[in-house]
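Here the structure is a predicted model, which means the values were calculated and not measured.
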Amino acid sequence: MSDATTTEERGGGILRERLSDFISQLAAAGALIVIFVFLSLTSAQFLTADNLFNVGTQTAYTVVIAIGETLVIITAGIDLSVGSVAALSGVLGVMTIVNLGLPVPLGIFGGILVGAGAGLVNGLLVTVAGLNPFIATLGMLSVARGLVFIFTNAQSIFGLPNSFMLLGQGEIGAVPIPIIVIIVVAIIGYFVLSRTRLGRYAYAMGSNLEASRLSGIPTRRYLTAVYVISGALAGLGGMIASSLINSGQPNFGLGLELDAIAAAVIGGASLFGGQGTVVGTLIGAFLIALIRNGAVLLNVNTFYQQVIIGVIIWVAVFWDQYRRRKLESSS
Amino acid sequence: MSDATTTEERGGGILRERLSDFISQLAAAGALIVIFVFLSLTSAQFLTADNLFNVGTQTAYTVVIAIGETLVIITAGIDLSVGSVAALSGVLGVMTIVNLGLPVPLGIFGGILVGAGAGLVNGLLVTVAGLNPFIATLGMLSVARGLVFIFTNAQSIFGLPNSFMLLGQGEIGAVPIPIIVIIVVAIIGYFVLSRTRLGRYAYAMGSNLEASRLSGIPTRRYLTAVYVISGALAGLGGMIASSLINSGQPNFGLGLELDAIAAAVIGGASLFGGQGTVVGTLIGAFLIALIRNGAVLLNVNTFYQQVIIGVIIWVAVFWDQYRRRKLESSS
Amino acid sequence: GAKVRQSSSGGKGGGSTGNSGSLRIAVVPKAIGFDYWATVQNGAKCAASEHKNVSVEWKGVTQETDVNGQIQLLQDFITQGVDAIVYAATDAKALHQVSQQALKKGIVTINIDSGTTPQPKQVPLIATNNVAAAEKATEYMAKKLGKKGGKVALIEFQPGTETNTTRVKGFKNVMKKNPQLKLVAKQSSQSDYNTALRVTSDVLTSHPDLSAIYAANEPSVLGAAAAVQRAGKAGKVLIVGWDTASGEIKDVKQGLVAGVLAQNPFLMGYKGVNEAVKKLRTGDKYTLKSIDTGAVLITKGDLNQSKIQSLLNPSCKNPPTWTAQQ
Amino acid sequence: MSGCVSVLQLGVSILWEEGKMSSHEEEPVIRLRNVSKEFPGVLAVDGINLEIMPGEVHVFAGENGAGKSTLMKILSQVERPSRGEVEISGETVVFHGPRHAQSLGVAMVYQEFALAPHLSIAENLFLGREPGRGGFVNRGVEKEKAREVLGRVGLEINPGRLVSGLTVAQQQRVEIAKALVIQAKILVLDEPTATLAEKEIEGLFDVIKDLSAHGIAVLYISHRLDEIFRIADRVTVMRDGKVVETSPVGELNEDKLVRLMVGREVENLYPKPETEIGEVLLRVSGISRGKILKDCSFEVHSGEILGFAGLVGAGRTELARAVFGADKIDAGTIELEGKDLRIKNPGAAIDAGIGYLTEDRKGEGLALQLGVDQNVTLANLPSWLGFINLKAERRTAQRWKEELNIRTPSLRRRVQVLSGGNQQKVVVAKWLETKAKVLFFDEPARGIDVGAKAEMFSLIGDLAEEGRGIVLISSYLPELLNMCDRILVMREGTVAGVIGREEFSEERVIALATGAKEEAA
Ligand SMILES: Nc1ncnc2c1ncn2[C@@H]1O[C@H](COP(=O)(O)OP(=O)(O)OP(=O)(O)O)[C@@H](O)[C@H]1O
Ligand SMILES: Nc1ncnc2c1ncn2[C@@H]1O[C@H](COP(=O)(O)OP(=O)(O)OP(=O)(O)O)[C@@H](O)[C@H]1O
Ligand SMILES: [Mg+2]
Ligand SMILES: [Mg+2]
């Protein structure tokens, strides 16, 4: 007993502590930092408030959506529909403003509601109909996209009041609002995951659904809630994207789900559930964003860009794992 | 992983029997049959050799790729790179014929080799570098696509000899060669999964990797082999697709991975590993193909088509599970 | 032995000539989900409405890159034995064989927007000459920048697709002729407004002294314009590009975008169906011929011309029926 | 019954002597030199020196976390020793992994099941050793051999069935059969009887003796004292990764053994409290579920400990699950303190004041990726308006860690890597924390060392004294006979009978469980 405690002071066994998540984040963060430094040295324009704010602004919707995706992944689920749902919410939200003349805040709220609604369908399909999350959300991927085209007749929607641009293009002080949104969502997400029943149960259900059920957790209700949240955040992401370009785009968000999932997984989430954190996902999302930004700043040929992005993802994640292994052996 | 499977399977006992695979196939097949009959009744052109051969021909590459994907999914892995790898193989295979003047059969073989090579990289990243399959193949998705553009400079490749069209457009007797390819690959796949060590170990590793290791299975070697096979089949798929349009298309296969995974999952494969069959995947793939075909024959508005596809996927899989449950309780 | 497959001819086909027989005409765009193609659809509907019992079936893939998908779609229509197929080829060479199959079945086949190579003589092409149009726009840009020239960025949308290739080709032709123009950045918008915005912003960051942007389609133009405005460089960076979505026209009004190439998608759809009906109803007497529907570079100045207006807001009441020939 | 056993033993022990004879002048089959294994934060195995002779049955005993399993995993080359060297039949072992260990003739039954749930029994038995040549598997032969091996462990079920459909006990026997498939020189069994009932244990011991008679060394980990004295030739007691003592079983008695294991005196293994039984707490009547449960009724009084006895598969677990709302029932009513309960799901049961400690630790008990603290509070999370009170949580966890003496370097450590017994303690803590009025314990002593077992039974006793009703499901009769006020015996999904404490006897229980006539009583 005693020796065990002393060894803990030595900080041993960190790998297997919840701390390991933190390490894994540090590692990913390490990659982030390396790339950051590299770009600062190689590109004169990289380390300018303008550029960094730009990156933050352009990544906002991915980050917001990725945080919702993380929550789902923690429960050993997956949400493939975020891209389509974001498009649906963005378009419908915009339409309520343009066509129904709702005030902007209501329209934004409406968009988020649409996302939550889609999420609710996903959740019920998983918990009540008992579909596996991949199938449920794959179906929604297709259904939501179809609805977008039906509602818009495949035409982009313009004619938004300028006030709508605030969400995506406004600033508070010198800080772009999308970045503030990121910060707020991230902080809330962090607290939900680490301090609330919902978060705790998400980890528990992802780690062992049956044990959670037998521990009296109303797993269906909480699982459904998780998908609703993911949908709502997809909705928010969709509204941010629409506001960025002050229009509703039926083609928005194709393939966005892969970005979201990648961000979560690079950030240390496991598709088998029970693992994942907001900080990790933030790092993962910005890792991807910086690579893309850097590729353009350094005027890398678009074709080589894709190769480089792929390779860096490999290296970053590998490095993460490598550092964890070393940390394990060195204790 | 083992608790992941419990997450997967609600309710106990029989549901977990190997039988379930068979049932699940029957169920999916049920959906397939229903749609088949429905289309035969509603569309005069559906039940014509021409149309059915068309569907088979156009689905061939998806089926071939989906079978490889199934093998990977059985090991609790995932291969997101099949689309890009198919494009890379298709393009490079075609180039060896057009630019290097290799004889057609060699060129096709070359394309398959390219796919196998990409698969090998995936496999080593998973087994040696210890990356999780999602990350490894996500990187490859990006890298392979980049390479395609680099090699082709984003131009589709033409000037193929007509003999090349055989693979995709030829027929033996009255039967289109792609359909024969499907049959051959399916039969081989079936035997590999049910009669060989590789197949057995795929299920074992997907079901409980640790147990497989403890049982003395050289897991790394077999896991790698699985990804190589998936890559090779993606390569074959790419060559079939190129032959179908007698050219190498740099943009081929975008989003194809979702189709392949969907086919496998609809066919009863579990993303948590240990489950999945060739027959199931065949059914899944043709289910999707028939829905698309029918939507055109019945002149369904393209937008509604997507909604319908999504809904039918939901219904088909739900029905599958429903029948399984009934079967469970009635025992 | 193995032989290349010929989809068995026979079956119902364009045989149904004669004045009154009801006609099913399939109209297949490159992709659904863009204003441009929606306008084509309106043109097609309009033409159909002007004839008795002609029905238009509008269907397309969701990604311009999905060549196999479009082929499958067209083959489905061929097996159905529709009377005519009016389509825009997602890939010139790959789609050639499909036209052949259609003709073999006696289906009247017409290309709109993009044709095939080789272009079967029985298959007319009703389209803009993309290369020529691109050259026109780029020359305008060169003229505007004057002899001191400057840095130019290219925002293409989907490398490897026919339209992208031709529009870039025309652009590059002119760039070659004008050494004072320096191509400093080439980025792809993946036909996504947000992506266009992102890459253009980054380009502007790395080239603060950028003088002009050539954007090859609707989302690319919109994104480029948004980025320029965002960077506070409105009017300082000259933007020329393609298509006429209402958002783009607004930008032209505001002087954010110098000029956009307006094709005549309405006319493509309109003529496409119209020609098909004529051919079907009058039979062999009528010979189909290709039409260049032309492309106009719309600048702030000529927004109010009625001709331009009818081009921008085409409707069945005042169809923009003039063509490049006229 | 006991008669026939002794005959059996006689028969075997003769063979056995021969085994001894032949193996006398032989080299030790295993020689451990100063073997150590360090995990981050723990020195699991600490400088072990040991020699194992062919044909000997060598039992390893010791507290949870003493390092027994780890030591065995070193032998089967699952864990690479940090220091020291292992010699097998005179050859120094170079670490290559499990496959190599098997080729050296080391077969092991792991404490935590190493089965692939999606594979059939036959497929699991021959995993890594499939019959057939050139990459192909000969399933015909496989099934044949499988039947034969299953017969040896007395498991008459279709080898084509999926392992995931089996009960814990059935899986355990598949594990043993799997080890028998290897032509082993050394057979390692890590707590193989934890889930077995008396009848199956008999069968297992016959197998073991038969093997040792043929010169195979059997290394056997167990927490059950009686077993140790029944089969051991020599016993090694471990504590904190070190060998406390190795001695022939003859030189030991229970008390001495317990003292060696725990390091202190344990006066009473089964501290049965003298509580006066109150009125009925829980009344269950007419519960039926499919073919598994048929019209089962019973009552639990406050302060009472009711035992569930029965052969494996009798339906004890299923009955508990039914009351707990874990499975849908076809018929039956549940009354708690006179009030009718409508229990749709475990949540409702817990709220009503019923708790159920599952028998399958990993599958249904623990969230393996979560920390000790989080598992302890899983069923009763201290929170307000959905916000968790982390301080309270930590305090609770700390309290149980001390009370049950859970061995973990940190409360936040993932339960995944705790020793089997310590994992079990975590589950127990979770349910004690729910403050339920009626608690079902399904095989609670599984894999818990004597010290901890005593602690836990005294805890169960205390709970009874507090006036709660306890249901104790166990396949280990001594536990039931010592702890319970009444024993309910199940047979094939029905309640075969209930026995009062005054008329307790193994024979009666077994007779009821097997349905034999009760000439014993
Ligand atoms: N993979 C691992 N990582 C870290 N610590 C470990 C690991 N495996 C075991 N341990 C620790 O090593 C010690 C010995 O564990 P082991 O399983 O050998 O004990 P044991 O004697 O088998 O206990 P039990 O009787 O409960 O099975 C324990 O403190 C355990 O927490
Ligand atoms: N998940 C399940 N699905 C179908 N049958 C089951 C399941 N679990 C148990 N059974 C069957 O129900 C019967 C009772 O099983 P149960 O586990 O309750 O036995 P038990 O009396 O608890 O013995 P033990 O707990 O020692 O296994 C057995 O025949 C078993 O095969
Ligand atoms: Mg142990
Ligand atoms: Mg039980």
Under a 4.0 Å threshold between the charged nitrogen and the carboxylate oxygen, would Asp327(D) count as salt-bridged to Arg321(D)?
yes
Please tabulate, one pair per line, all N/O donor-acceptor pairs under 3.5 Å involving side-chain atoms of residues 176-184 of chain D, not counting sequence neighbours.
residue	atom	partner	partner atom	Å
Lys178(D)	NZ	Ser215(B)	OG	2.8
Lys178(D)	NZ	Ala114(D)	O	3.2

Engaged part of Phe191(B) at the chain D interface, taking heavy atoms whose separation is under 4.5 Å:
neither
For the pair Tyr356(D) and Phe324(D), name the ring-plane relationship: parallel under 30°, tilted 30 to 60°, perpendicular over 60°.
tilted
Answer with side chain, backbone, both or neither: which region of Leu115(D) has an atom nearer than 4.5 Å to a non-hydrogen atom of chain B?
backbone
If I measure from the heavy atoms of chain B, does Glu142(D) come under 4.5 Å with its side chain, its backbone, both, or neither?
side chain
So which part of Glu130(D) gets closer than 4.5 Å to some heavy atom of chain B, the side chain, the backbone, both or neither?
both
Below 3.5 Å, can you tabulate the donor-acceptor pairs from side chains in residues 278-287 of chain B to any protein atom, sequence neighbours excluded?
residue	atom	partner	partner atom	Å
Thr281(B)	OG1	Thr70(B)	OG1	2.7
Thr281(B)	OG1	Thr277(B)	O	3.0

